[in-house]
Amino acid sequence: MKQSPAALILSLLFFVGVAAFAVVFNVTKPRVMILQSYDPEYAWTRDINAGIRRVSDSWTNYSVNWHYMNTKRFSDPDSLRYAGIVARRAIERFNPNVLIAVDDLAQGLAASFFVDHPRMEIVFTGVNDTVEPYGYVGAENVTGVFERKPLQAVKDLVLTLEQETEQEAGDAAAPAPGIHYLMDPSESMARDRDRVEAFDWSPVRFEGTFVAEDYPSWQAYVRALPSTDGEYLLVANYRQLQRSETTPEPVPPDEVMRWTEANSPIPIIGVNVFNVEDGAALAVGASPFEQGEVAARLADQLLRQDVRGGQVPIETPAYYVVAINEAALAKRNLDLPQIYEAFARTTFTYIDAGQ
């Protein structure tokens, strides 16, 4: 049956109206941009994204955009400068109501240029030191969540390992355990160093920090570690280790960690979950899932309550994640209470021996 001209016109007007409404709705609904310092394949970034999506998957009324600066793979000064320019242009183009900036380089190279922007809020996450260098202190449009290495949890883990060892050996008078801190020359590690060194490690002995300028320096330090019981090597990042003084390309992180696990005379404790993915036996790290989830929740709060970032208190992390590589742990002959394994399995950070 043919429609009359009037009915046809009404149908066309209806469809045009629906299309126009959809266009207006998508143009005017609030926009959230997630600016990642690194690339989506980097374990830390991947897990922060998982935390963000725990909240953002329910955002039916927001437009969401993701931008990756890829600064782990391209970290020379010219590449960083270019990454900052591209990121700032992407922000200006998308014009977000809320910008979630992840890790320090996203702050320094891009987000900090929008401090006190009249129509944009900034939520930072993954910042392991002060935000003062970015102009965030007292800013009208900034809130966020700090990243803090769970040093108390690391100390508790060392004491637990020592307690288990003493019980097996029947030695209640063993000397206090010691921690040796090994780091690469990256900026993020330098910012964290003061906090690690100032932490009250007692009764654990903190034996100092060594900054390896390149891979041979890292290897020499590991080989020279004492082989006595009760000593532990603390590691966090090693992605800025160049092959040698004359070969500037970075050594693949899994190569560094697997070599270190195979050659260190003392057990290694990582302070990032990805340390275990790279080959370490054990890690206690800041929860990337919490970092992402809190940042997304703060963004949602800013949009729903129509408040400025400076009116929302900055948060500190409440949780940490335990990661275990079963095969590497067995080689070290380390025993842990069952609760550590249960924790790691619950957070999908337990690598079975067969994997």
Side-chain angles (χ1 to χ4, degrees), residues 17-37 45 47-69 84 87-128 130-148 287-319:
V18 169
F21 174 81
V23 169
V24 171
F25 176 76
N26 284 300
V27 168
T28 60
K29 67 181 180 179
R31 297 172 301 281
V32 179
M33 182 173 186
I34 295 97
L35 177 66
Q36 288 278 9
S37 293
T45 302
D47 292 343
I48 285 184
N49 282 346
I52 290 173
R53 288 192 172 98
R54 289 176 182 176
V55 178
S56 68
D57 281 350
S58 64
W59 287 349
T60 57
N61 294 329
Y62 304 155
S63 292
V64 182
N65 180 271
W66 304 69
H67 181 86
Y68 297 91
M69 298 174 68
R88 295 196 298 273
R89 287 177 178 170
I91 293 168
E92 291 167 351
R93 202 162 44 240
F94 189 65
N95 190 26
N97 298 91
V98 179
L99 172 66
I100 297 176
V102 186
D103 291 306
D104 287 276
L105 288 172
Q107 322 301 328
L109 296 175
S112 59
F113 287 77
F114 300 90
V115 167
D116 289 333
H117 190 288
R119 296 176 302 280
M120 185 189 305
E121 309 305 319
I122 299 171
V123 175
F124 69 83
T125 186
V127 174
N128 51 23
T130 176
V131 292
E132 191 171 357
Y134 313 125
Y136 289 173
V137 178
E140 292 184 358
N141 66 329
V142 179
T143 188
V145 54
F146 285 111
E147 176 198 344
R148 293 289 181 259
S287 170
F289 309 105
E290 180 188 24
Q291 290 286 304
E293 191 169 347
V294 171
R297 179 172 52 76
L298 287 170
D300 187 48
Q301 179 182 349
L302 293 172
L303 292 171
R304 284 188 297 102
Q305 297 181 2
D306 193 25
V307 294
R308 304 239 57 190
Q311 298 173 268
V312 178
I314 293 173
E315 298 194 22
T316 54
Y319 306 106

Student: Could you check F146 against V131 for side chain to side chain contact (heavy atoms under 4.5 Å, CB included), going step by step and ending with a plain yes or no?
Tutor: CA-CA 9 Å; F146 285 111; V131 292; 3.7 Å; yes
Student: Write down the atom of A295, the atom of V145, and the distance for their closest heavy-atom approach.
Tutor: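 Here A295 and V145 meet closest at N-CG1, 4.4 Å.
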Student: Which atom names give the shortest non-hydrogen contact between V115 and I122, and what distance separates them?
Tutor: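 Where V115 meets I122 most closely, the heavy atoms are N-CD1, 4.1 Å.
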Student: With distance as the sole test, does R31 use its side chain to make a donor-acceptor pair with the main-chain N or O of N95 at under 3.5 Å?
Tutor: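 Judged by distance alone, yes, a pair lies under 3.5 Å.
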Student: Please report the interatomic distance CZ(R53) to CD(E293), rounded to the nearest 0.5 Å.
Tutor: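 Answer for the CZ-CD pair, R53 versus E293, is 14.0 Å.
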Student: Could you pull out the closest heavy-atom pair between F124 and Q107, with the gap in Å?
Tutor: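 Result for this residue pair: CB-OE1, 3.4 Å.
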Student: On a heavy-atom basis, which atom in K29 and which in S63 lie closest, and how many Å separate them?
Tutor: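 Looking at all heavy atoms of both residues, the closest pair is CE-OG, 3.1 Å.
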Student: Would you say that R297 contacts D300 through its side chain, given a criterion of any heavy-atom pair below 4.5 Å between the two side chains?
Tutor: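 The answer is no; the side chains never approach within 4.5 Å.
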Student: Could you measure the distance from the OG1 atom of T143 to the CD atom of E315? Nearest 0.5 Å is fine.
Tutor: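 The CD atom of E315 is 7.0 Å from OG1 of T143, to the nearest 0.5 Å.
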Student: Before you tell me yes or no, could you show the steps for N97 and Y62 under side-chain hydrogen bond (donor to acceptor under 3.5 Å, both in side chains), namely the whole-Å CA-CA distance, both residues' side-chain angles and the distance that decides it to 0.1 Å?
Tutor: CA-CA 10 Å; N97 298 91; Y62 304 155; over 6 Å; no
Student: Does the side chain of R93 come within less than 4.5 Å of H67's, by heavy atoms?
Tutor: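 Result no, sub-4.5 Å side-chain heavy-atom pair not found.
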Student: Evaluate the criterion side chain to side chain contact (heavy atoms under 4.5 Å, CB included) for residue pair E147 and D103; output intermediate values, then yes/no.
Tutor: CA-CA 9 Å; E147 176 198 344; D103 291 306; 4.2 Å; yes
Student: Could you tell me if the side chain of V98 sits less than 4.5 Å from the side chain of V123, heavy atoms only?
Tutor: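 Yes, their side chains come closer than 4.5 Å.
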Student: Nearest 0.5 Å please: distance from the CD atom of E121 over to the CG atom of L302.
Tutor: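 CG of L302 is found 5.5 Å from CD of E121.
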Student: Is any side-chain heavy atom of P96 closer than 4.5 Å to one of I91?
Tutor: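 The answer is yes, as the side chains (C-beta and beyond) meet within the 4.5 Å cut-off.
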Student: Once the angle between the rings of F114 and H117 is folded into 0 to 90°, is it parallel (under 30°), tilted (30 to 60°) or perpendicular (over 60°)?
Tutor: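 Aromatic pair F114/H117 classed tilted.
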Student: Would a 4.5 Å heavy-atom cut-off, applied to side chains only, mark W66 and I52 as touching?
Tutor: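 Answer yes - side chains close enough.
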Student: How about Q305: does its CD atom have over 12 heavy atoms from other parts shown lying under 6.0 Å from it?
Tutor: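 Counting neighbours around CD of Q305, more than 12 heavy atoms of other residues, nucleotides or ligands fall under 6.0 Å, so yes.
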Student: Taking all non-hydrogen atoms of both residues into account, name the closest pair between Y134 and S112 and its distance.
Tutor: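 Scanning both residues, the minimum pair turns out to be O-CB, 3.5 Å.
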Student: Between S37 and A106, which heavy-atom pair has the shortest distance, and what is it?
Tutor: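 In terms of heavy atoms, the two residues are closest at OG-N, 2.9 Å.
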Student: What distance separates I48 CD1 from E290 CD, expressed to the nearest 0.5 Å?
Tutor: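 Atom-to-atom, I48:CD1 and E290:CD are 11.0 Å apart.
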Student: How long is the span from the CZ atom in R88 to the CG atom in L109, to the nearest 0.5 Å?
Tutor: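 Those atoms lie 7.5 Å apart.
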Student: Contact between M120 and L99 at the side-chain level, heavy atoms closer than 4.5 Å - yes or no?
Tutor: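 Side-chain contact under 4.5 Å: yes.
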Student: Do L298 and T125 have side chains that get closer than 4.5 Å, going by heavy atoms?
Tutor: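 When only atoms from C-beta onward are counted, T125 and L298 do not touch, as no gap falls below 4.5 Å.
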Student: Okay, side chain of N141, backbone of D116: is any donor-acceptor separation there less than 3.5 Å?
Tutor: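 Between the backbone of D116 and the side chain of N141 there is a qualifying donor-acceptor contact (under 3.5 Å).
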Student: Okay, side chain of N65, backbone of M33: is any donor-acceptor separation there less than 3.5 Å?
Tutor: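 A pair under 3.5 Å: no.
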